[in-house]
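I have placed the structure first, in the form of structure tokens, so that the comments after it can refer back to it.
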Amino acid sequence: MKAGNNMKIAGKTMYVFVLLTITMVMRLAGNTSSGLVMTVGDSSVLTCPLKGNMTMLTWKIMPKAGGPCTLVYRVDTNVTHRTTCSDNINWTFRAGLPPALEIRQVGTAQEGNYSCEAATTEGNFVTRYHLTVLAPPRLSLSCDEQGSPVCEAAAGKPPAQLSWVPEGSSTAEEKCHDNGTVTVLSKFTACSTSVTNVTTCMVSHPAGNWSQTIACCPSEKTNTNIFLYACIITCVLIIITLLAVIYYFSLHSDRPCHKTKPPEIAPVHSQQDDTMEVEPYTTYVQKENVIYNSVSDLTVGQNLPQDQCPGT
Ligand SMILES: *[C@@H]1O[C@H](CO)[C@@H](O)[C@H](O)[C@H]1NC(C)=O
Ligand SMILES: *[C@@H]1O[C@H](CO)[C@@H](O)[C@H](O)[C@H]1NC(C)=O
Ligand SMILES: *[C@@H]1O[C@H](CO)[C@@H](O)[C@H](O)[C@H]1NC(C)=O
Ligand SMILES: *[C@@H]1O[C@H](CO)[C@@H](O)[C@H](O)[C@H]1NC(C)=O
């Protein structure tokens with residue numbers, strides 16, 4: 001009988017202990033904040049669960065950037081009050097429901113702790129949220145001067161994870177920005193060993209997964225090389241043909257070639273030089289000729305004017 005009683009007592013204490021533990025755990029759970037994840041630019045409405053008839057509702061916001069902010073709503077006067085809160089955070093009134101907190105087009109600055117306190121006829125109800133704001137990275141894939149694919153996941157929060165297909169060695173670097181976002185840059189270095197020219201950059205991020213494909217090093221290099229060689233060979237061939245044609249003409253017809261050559265090569269210089277040098281001389285000669293003609297009637301001989309020319 002005694003043993004049975006003891007067993008019953010032990011069972012009861014055990015039962016009470018379990019109940020206590022459960023309520024403790026529940027209280028702790030009620031005290032902890034529930035995680036809330038939003039992506040930059042998203043909008044969301046935060047509610048405050050409560051029981052009974054509400055008299056006052058208060059939101060306390062502790063953002064990671066900037067000071068704390070408080071929003072208060074009084075049911076009896078239907079009046080809202082707010083301290084310096086971000087413009088995109090405000091009350092939203094829905095018919096038949098207690099007002100809720102609306103976050104429009106969330107930014108990384110709004111990340112932080114949000115807690116609401118509802119004063120009702122049945123007591124105070126506190127709900128805590130921890131808001132995490134994700135910034136999806138901007139993906140860009142390009143080829144650098146060496147023909148290696150370079151993948152950039154810009155301004156991601158948290159930093160994006162970059163990987164390559166086919167797998168190969170790569171170098172990565174991270175740049176942190178003031179607003180908490182991180183730019184990750186990865187250069188694929190094992191290009192020459194890869195069988196295919198096409199590489200794919202894979203970006204994995206809590207806000208989503210993306211991939212981009214590029215054909216970089218081996219194909220582009222050989223393409224430009226082939227183009228270059230083709231150009232050089234064509235140029236050389238054209239020059240050789242021209243030289244051969246010129247040589248052929250110079251061999252078979254000396255006269256026309258020499259006659260046509262000088263004006264083609266330097267027509268401007270020769271003409272200018274001729275007029276510049278000849279004109280004063282011709283006018284001088286003409287004048288001299290006038291004198292000479294008048295003189296020639298008296299004296300016979302052509303040596304006189306030619307001797308006078310260099311002298312005067
Ligand atoms: C809440 O208020 C309404 C009147 O606005 C009343 O009828 C109701 O009984 C109240 N409920 C509680 C739980 O106080
Ligand atoms: C938010 O609350 C957690 C504890 O729940 C605390 O560790 C953290 O520092 C708080 N963050 C801000 C921005 O107040
Ligand atoms: C309280 O005021 C808001 C505007 O601030 C309005 O939208 C809402 O309808 C009002 N509610 C009541 C019950 O008067
Ligand atoms: C990204 O891909 C991984 C598997 O590679 C998956 O577990 C994860 O859910 C994906 N994330 C998104 C946001 O789609």
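Counting starts at 1 for both ligands and their atoms, following the listed order. Positions are given from 1, in the same order as the sequence printed here.
- Judged purely by atom type and a 3.5 angstrom limit, Thr70 has no side-chain atom pairing as donor or acceptor with the backbone of Thr83.
- Cluster annotation: Val182 and Val203 are assigned to the same hydrophobic cluster (Ile/Leu/Val/Met/Phe/Trp/Tyr, side-chain heavy-atom contacts under 4.5 Å, transitive).
- Here Asn209 pairs with Ser204 under the side-chain contact (heavy atoms from CB on, under 4.5 Å) rule; sequence neighbours left out.
- Interface of Asn53 with ligand 1, defined as ligand atoms under 4.0 Å from a residue heavy atom, comprises 1 (C), 2 (O), 3 (C), 6 (C), 8 (C), 10 (C), 11 (N), 12 (C), 14 (O).
- Listed by number with element, the atoms of ligand 1 under 4.0 Å from a non-hydrogen atom of Thr121 are 14 (O).
- A donor-acceptor pair is defined here as one N or O able to donate and one able to accept, closer than 3.5 Å; no such pair exists between the side chain of Thr127 and the backbone of Glu117.
- Contact analysis puts Gly208 in contact with ligand 4, with a non-hydrogen atom separation below 4.0 angstrom.
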List below, pair by pair, the N or O atoms of ligand 3 and of the protein that are less than 3.5 Å apart, including the distance to 0.1 Å; reply 'none' if no pair qualifies.
residue  : atom   : partner : partner atom : Å
ligand 3 : 2 (O)  : Asn78   : OD1          : 3.3
ligand 3 : 2 (O)  : Asn78   : ND2          : 2.6
ligand 3 : 11 (N) : Asn78   : ND2          : 2.9
ligand 3 : 14 (O) : Asn78   : ND2          : 2.9

Evaluation steps, side-chain hydrogen bond (donor to acceptor under 3.5 Å, both in side chains), between Asn90 and Arg104: CA-CA 8 Å; Asn90 210 346; Arg104 277 175 290 110; over 6 Å; no

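- Using a 4.5 Å cut-off between side-chain heavy atoms of Ile, Leu, Val, Met, Phe, Trp and Tyr, with links allowed through other members, Leu101 and Met38 fall into the same hydrophobic cluster.
- In terms of modelled atom types and a separation under 3.5 Å, the side chain of Tyr129 and the main chain of Thr47 share a donor-acceptor contact.
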